[in-house]
Structure formats: structure tokens, C-alpha cells
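Side-chain atoms are counted along with the backbone in the values below, which use heavy atoms only and exclude waters and symmetry mates. Letters A, B, ... mirror the listed sequences (proteins, then strands); counts begin at 1.
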Amino acid sequence: MTPDMFFLLTSLLFSIGLVGLISRRNLFVVYMSIELMLSSVNLLLATFSKVLGDASGSVIALLIIAVIAAEAAIFLAMIVHIYRENRTIDSDDFDKLKEGNSNA
Amino acid sequence: MLEISIFSILAMFMLGGSIAMISNKQTLFSAFGFLVAMIGLAGMFALLDSRFLALAQIMVSVGAVVVLSMLTILTINAKEENMPHEPNKFKWIIVSSILVTPFTLLLYKTLSSVHQNFSEMETVSSKVVGKLLFSEWVLPFEIVSILLLTAMVGAIVIARKSDKTSKEQS
């Protein structure tokens with residue numbers, strides 16, 4: 001078991017999250033892609049913590065888990081709010097703040 | 001050898017789960033794929049000897065975040081006409097995969113140029129993590145607590161029914 005395998009897995013997971021973020025329009029899938037990217041960074045931190053023999057990496061990963069939880073709460077609340085107003089979870093419909101848009 | 005086989009199984013779980021997550025049409029199945037990926041990540045943490053991190057991952061990510069998002073999906077219960085209409089979804093996925101591939105290779109090459117072996121370290125137990133958290137990392141810890149409080153209040157304020165919409169519905 002070498003660190004290389006973990007690095008490969010981390011890059012693949014981050015890229016899958018990026019692809020989901022770019023190509024999907026369902027808000028839930030966008031949200032879960034962001035979570036996946038954050039989690040892949042977490043895995044990278046844990047790997048470096050083991051490579052360097054320093055437990056600080058695990059502590060940073062723990063703090064990032066807390067940030068993930070906060071982000072989840074805010075994002076899901078926003079999805080609920082937006083769905084209640086517009087009755088859709090298509091991310092293309094959310095252009096209320098766009099200039100010159102009058103359907104809001 | 002045992003470690004490599006465990007790693008392969010967990011990696012297959014994580015990659016399969018995340019690919020299922022971004023390619024499924026049903027939102028709930030995407031959430032299940034995400035759940036599988038998160039459980040695989042907890043196993044990876046355990047494989048990397050970060051015992052406390054694996055426990056925190058299972059408790060927070062699997063137990064709270066995934067369950068919360070599944071509850072939201074089931075509560076919203078979007079009908080077919082409310083879902084985004086994505087007729088050429090797979091085309092988009094393939095095109096963006098091709099676009100992202102060079103970035104993946106760059107990331108992997110950069111990371112693997114570190115090229116060290118795993119150092120011999122003892123298991124990161126909760127004792128070590130707790131001591132570090134309350135000595136060296138105490139300021140980020142406090143900032144995270146404020147962030148969580150703000151997120152909680154903000155989520156309540158955002159998700160609350162505004163007076164306008166409640167009047168319209170009544």
C-alpha cells in the first residue's frame with residue numbers, strides 16, 4: 001500500500017465531483033458533488049497526515065468535516081426556500097438576481 | 001496484500017458510488033450513491049490509521065449530512081415536471097469528463113511527485129487528536145464553533161416561511 005494509490009483515488013474523486021458540478025442541473029446533485037470534492041480533500045489531508053507522520057492533518061480534516069456540516073445545513077435550507085418559491089430544482093431557473101430579468 | 005485488497009474494494013465502492021451519484025436520473029438514487037461513497041471514505045480513514053477521523057466521518061457525514069439531504073429530498077418530493085429536463089445529460093458528462101481529464105492528470109502527477117513512503121507512526125487515537133485540537137488548533141476550533149452557530153441560525157432564517165408566501169397560500 002503506497003501513498004500513490006491514495007493520491008490517484010483523491011484526484012479521481014475530485015474530478016468526478018467537478019464533472020458532476022459542471023454537467024448536472026439538479027440542485028441536489030450539484031450539492032452532493034460539492035460535498036464529494038470537499039471529502040476528497042479530506043482524504044488527501046489524512047493521507048498526508050500519514051505520509052508525514054504528523055497528526056495535525058487529521059485535526060484539519062476534522063475541522064473540514066465541521067465545515068461540511070455547516071455547508072450542508074445552509075445549502076439544504078436554500079434549496080427548500082427556492083423550491084417553495086419557484087416549484088423547481090433546476091439550477092438554470094434561478095436567475096432572479098440577473099440584470100434585466102423581470103420574471104421574479 | 002490484505003491492505004491492498006481492502007483498499008481496492010473500498011476504492012471500487014467510492015468510485016462506483018460517486019459515478020452513480022452524478023449519472024442517476026432519480027435524486028434519491030444519487031443520494032444512495034453518495035451514501036456509499038461516504039461509507040467508503042470512512043473505511044479509507046480507518047485504513048489510514050486515523051481512528052477518530054473514521055468515527056467522526058461516520059457520525060457526521062453519514063449519520064447527519066446524508067440523512068439530512070435524503071430527508072430534504074423526500075420532503076420536497078419533486079414531481080417529474082419540477083425536475084430539471086436534461087435530455088442530453090450523458091453528452092454533457094462525457095464532454096466535461098474530457099475537459100477535466102488533463103486537470104486530473106496534473107493533480108495526480110503533482111501529488112505523486114511528493115513520492116514518500118508512509119512513515120511509521122502510531123495510530124491517531126482520539127487522545128492525540130484531542131490534545132492537538134485544544135493546544136495548537138484551538139483558535140480554528142473556536143472559529144468553527146462560531147461558524148456552526150451562524151450556519152444553524154442562517155438555515156432557520158432562510159428556510160422559514162416568509163409572511164408573503166404564507167399569506168399567498170392561505
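Between A/Arg24 and B/Ile22, the shortest heavy-atom contact is NH1-O, 2.8 Å. The two residues A/Lys50 and B/Leu48 have their closest heavy-atom pair at CD-O, 3.3 Å. Counting all heavy atoms, side chain and backbone alike, B/Ser50 lies closest to A/Ala46 at OG-CB, 4.4 Å. For the pair A/Asp4 and B/Ser112, the tightest heavy-atom approach, listed with the atom from each and the gap, is OD1-CB, 3.2 Å. Of all the heavy atoms in B/Ser96 and A/Val19, the pair that sits closest is OG-CG1, 3.5 Å. Scanning both residues, B/Ala151 and A/Ala70, for their nearest heavy atoms gives CB-CB, 3.6 Å.
The greatest number of non-hydrogen atom pairs below 4.5 Å with chain B, out of A/Gly17, A/Gly57, A/Ala55, is found for A/Ala55. Among the candidates A/Gly53, A/Ser33, A/Ala66, the residue making the largest number of heavy-atom pairs closer than 4.5 Å to chain B is A/Gly53. Ranked by heavy-atom pairs shorter than 4.5 Å toward chain A, the options B/Gly130, B/Ser69, B/Ala37 are led by B/Ser69. The most heavy-atom pairs under 4.5 Å with chain B, out of A/Ile68, A/Leu36, A/Ile22, come from A/Leu36. Of the residues considered (B/Gly33, B/Ser18, B/Ala56, B/Ser61), B/Ser18 shows the highest number of contacts with chain A, using heavy-atom pairs under 4.5 Å. Of the residues considered (A/Val30, A/Leu27, A/Thr10, A/Asn42), A/Asn42 shows the highest number of contacts with chain B, using heavy-atom pairs under 4.5 Å. Across A/Asp92, A/Val29, A/Leu21, A/Ile16, the residue that shares the most heavy-atom pairs under 4.5 angstrom with chain B is A/Ile16. For the options B/Asn24, B/Ile73, B/Val157, heavy-atom pairs under 4.5 Å to chain A are most numerous at B/Ile73. Of the listed residues (A/Ser91, A/Ala72, A/Ser58, A/Gly20), the one with the most heavy-atom contacts under 4.5 Å to chain B is A/Ser58.
The distance from atom CE of B/Met83 to atom CZ of A/Phe28, rounded to the nearest 0.5 Å, is 9.0 Å. For the atom pair B/Met59 CE and A/Ile65 CD1, the distance stands at 9.5 Å (nearest 0.5 Å). Put simply, CZ on A/Arg87 and CD1 on B/Ile76 are 9.0 Å apart, with the number rounded to the nearest 0.5 Å. Taking CZ of B/Phe141 as the reference point, atom CG of A/Leu63 lies at 8.0 Å (rounded to 0.5 Å). Between B/Thr104 atom OG1 and A/Leu12 atom CG the span is 6.5 Å, to the nearest 0.5 Å. Atoms CD1 and OG1, on A/Ile79 and B/Thr75 in that order, are 12.0 Å from each other to the nearest 0.5 Å.
Using a 4.5 Å cut-off on side-chain heavy atoms (C-beta onward), A/Phe48 and B/Leu111 make contact. A 4.5 Å side-chain heavy-atom check between B/Thr101 and A/Ser15 finds every atom pair outside the cut-off. The shortest side-chain heavy-atom distance between B/Trp137 and A/Ser56 falls under the 4.5 Å cut-off. Contact check for A/Leu9 versus B/Met14: side-chain heavy atoms found under the 4.5 Å cut-off.
Only the side chain of B/Glu136 comes within less than 4.5 Å of a heavy atom in chain A; its backbone stays farther off. Contacts of B/Val129 with chain A are made by both backbone and side-chain atoms, with heavy-atom separations under 4.5 Å. Within the 4.5 angstrom heavy-atom criterion, only backbone atoms of B/Ser23 (N, CA, C, O) approach chain A. For B/Leu99, no part lies under 4.5 angstrom from a heavy atom of chain A. At a 4.5 Å heavy-atom cutoff, the contact between B/Tyr108 and chain A is made by backbone and side-chain atoms alike. Contact annotation for A/Thr47: both backbone and side-chain heavy atoms come within less than 4.5 Å of a heavy atom of chain B. For chain B, no part of A/Asn86 is nearby; none of its heavy atoms comes within less than 4.5 Å. For A/Ile60, the part sitting under 4.5 Å from any heavy atom of chain B is the side chain, from C-beta outward, and nothing else. Both the backbone and the side chain of A/Phe6 have a heavy atom closer than 4.5 Å to some heavy atom of chain B. Contact annotation for B/Val65: both backbone and side-chain heavy atoms come within less than 4.5 Å of a heavy atom of chain A. Heavy-atom distances place no part of B/Met152 under 4.5 Å from chain A, backbone and side chain included. For B/Leu41, the part lying under 4.5 angstrom from a heavy atom of chain A is the side chain only.
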*Trace of the side-chain contact (heavy atoms from CB on, under 4.5 Å) decision for B/Met38 with A/Ser39*: CA-CA 8 Å; B/Met38 286 298 108; A/Ser39 301; 3.4 Å; yes
*May I have the step-by-step check of side-chain contact (heavy atoms from CB on, under 4.5 Å) for B/Phe45 and A/Leu43, ending in yes or no?*
CA-CA 7 Å; B/Phe45 285 149; A/Leu43 179 59; 4.3 Å; yes
*Given the rule in the side-chain contact (heavy atoms from CB on, under 4.5 Å) test, do B/Leu107 and A/Phe7 qualify, once you have shown the distances and angles that lead to the verdict?*
CA-CA 9 Å; B/Leu107 198 62; A/Phe7 293 151; over 6 Å; no
*Should B/Val66 and A/Glu35 be marked as a side-chain contact (heavy atoms from CB on, under 4.5 Å) after you check the CA-CA gap, both sets of side-chain angles, and the distance that decides it?*
CA-CA 10 Å; B/Val66 176; A/Glu35 300 268 291; over 6 Å; no
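Note: the hydrophobic cluster containing B/Phe29 also contains B/Phe34 (ILVMFWY, side chain heavy atoms under 4.5 Å, direct or indirect links). Both B/Leu28 and B/Met21 are members of a single hydrophobic cluster when ILVMFWY side chains are connected at heavy-atom separations under 4.5 Å. Cluster membership for A/Phe75 and A/Val41, using ILVMFWY side-chain heavy atoms within less than 4.5 angstrom, is shared. There is a path of hydrophobic side-chain contacts, each under 4.5 Å, that joins A/Met37 to B/Ile93. One hydrophobic cluster, built from ILVMFWY side chains closer than 4.5 Å, holds both B/Leu68 and B/Met70.
No more than 12 heavy atoms of other residues, nucleotides or ligands sit less than 6.0 Å from atom CZ of B/Arg51. Around CZ of B/Phe32, the count of heavy atoms belonging to other residues, nucleotides or ligands within 6.0 Å does not exceed 12. Annotation: A/Met78, atom CE; neighbour count of heavy atoms from other residues, nucleotides and ligands within 6.0 Å does not exceed 12.
The aromatic rings of A/Phe14 and B/Phe103 sit tilted, their planes meeting at an angle between 30° and 60°.
Within the 3.5 Å criterion, the main-chain N or O of B/Ala159 finds no donor-acceptor partner in the side chain of A/His81.
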